[in-house]
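Before any comments, here is the structure.
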Amino acid sequence: MDDKTLIRISKRLSLHLRHAPEKIGITLDPAGWVRIDTLLAALAAHGRRISRADLDHVVAGNDKQRFIIDGDRIRANQGHSVAVELDLPATEPPAVLYHGTVARFLDAIQREGLRPMARHDVHLSATVETAQRVGARRGKPVVLQVDAAAMHRDGHVFRVSANGVWLTSTVPPPYLTTDESPPAAR
Ligand code: HQG
């Protein structure tokens, strides 16, 4: 399979396993799982036939390990906009996490903090490099530093997805630093 096909199928899986299962008439269980044969039949019924071998290939070859297969079922590891309960345990975060964004969002972020926007959670990265890649999807990346140790101490809950994305509900402004601004007083 060439990279373009892999990305196209991965995007289709993201669409249906994170955002719009109803578009192909499937329902995710409360934890986001769907039976693989149900998914493949629904895709085929909507003119998007893919083989089980190709599905396995896309899941295994996905650059961010966005999906996981467990027995006869599959789900997206994170990134949902539909309501799912991923049942990830609360986990102590590293002292510092990073969020990649772009300059045009900074005023709002400094005012409101990081919000999940269309997703369930705010997505944070363990490394500056990953955050730069996330921000670069939208333009010249700006990396914000998150004082995760202080958030954890103050009772904010963190979870880490199976593919290493750190998730939390919101990051209030006092925990955020940009290169340009010193941390706000707490
Ligand atoms: C911004 C991709 C204004 C936030 C990536 C971001 C990641 C605010 C955008 C994953 C704001 C939301 C998630 C506020 C946050 N005011 N803008 N108060 N708070 N924002 O895509 O973190 O390919 O939902 O900075 O690699 O960019 O989907 O989140 O720019 O891991 O697997 O609002 O998505 O992974 O955008 O990316 P997103 P994200 P996948």
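Whatever order the structure lists ligands and atoms in, that order sets their numbers, starting from 1.
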task = Tell me, please, which residues at least two apart from His156 pass ring pair (Phe, Tyr, Trp, His ring centres under 6.0 Å).
result = Tyr175
ask   = Is there a side-chain contact between Leu114 and Leu176, using heavy atoms and a 4.5 Å cut-off?
value = yes
remark   = Across all chains, not counting sequence neighbours, the salt bridge (Lys or Arg N to Asp or Glu O under 4.0 Å) partners of Asp87 are none
query = With a 4.5 Å limit on heavy-atom distance, are the side chains of Thr178 and Gln110 in contact?
reply = yes
key: Members besides Ile68 in its Ile/Leu/Val/Met/Phe/Trp/Tyr cluster (side-chain heavy atoms under 4.5 Å)   = Trp33
query = So which residues, sorted by chain and number, lie with a heavy atom under 4.0 Å of ligand 1?
reply = Arg18, Lys64, Arg66, His99, Thr101, Phe105, Ala108, Ile109, Glu112, Gly113, Leu114, Arg115, Met117, Arg119, His123, Val134, Arg137, Arg138
ask   = Does the side chain of Leu6 reach to within under 4.5 Å of the side chain of His57, using non-hydrogen atoms?
value = yes
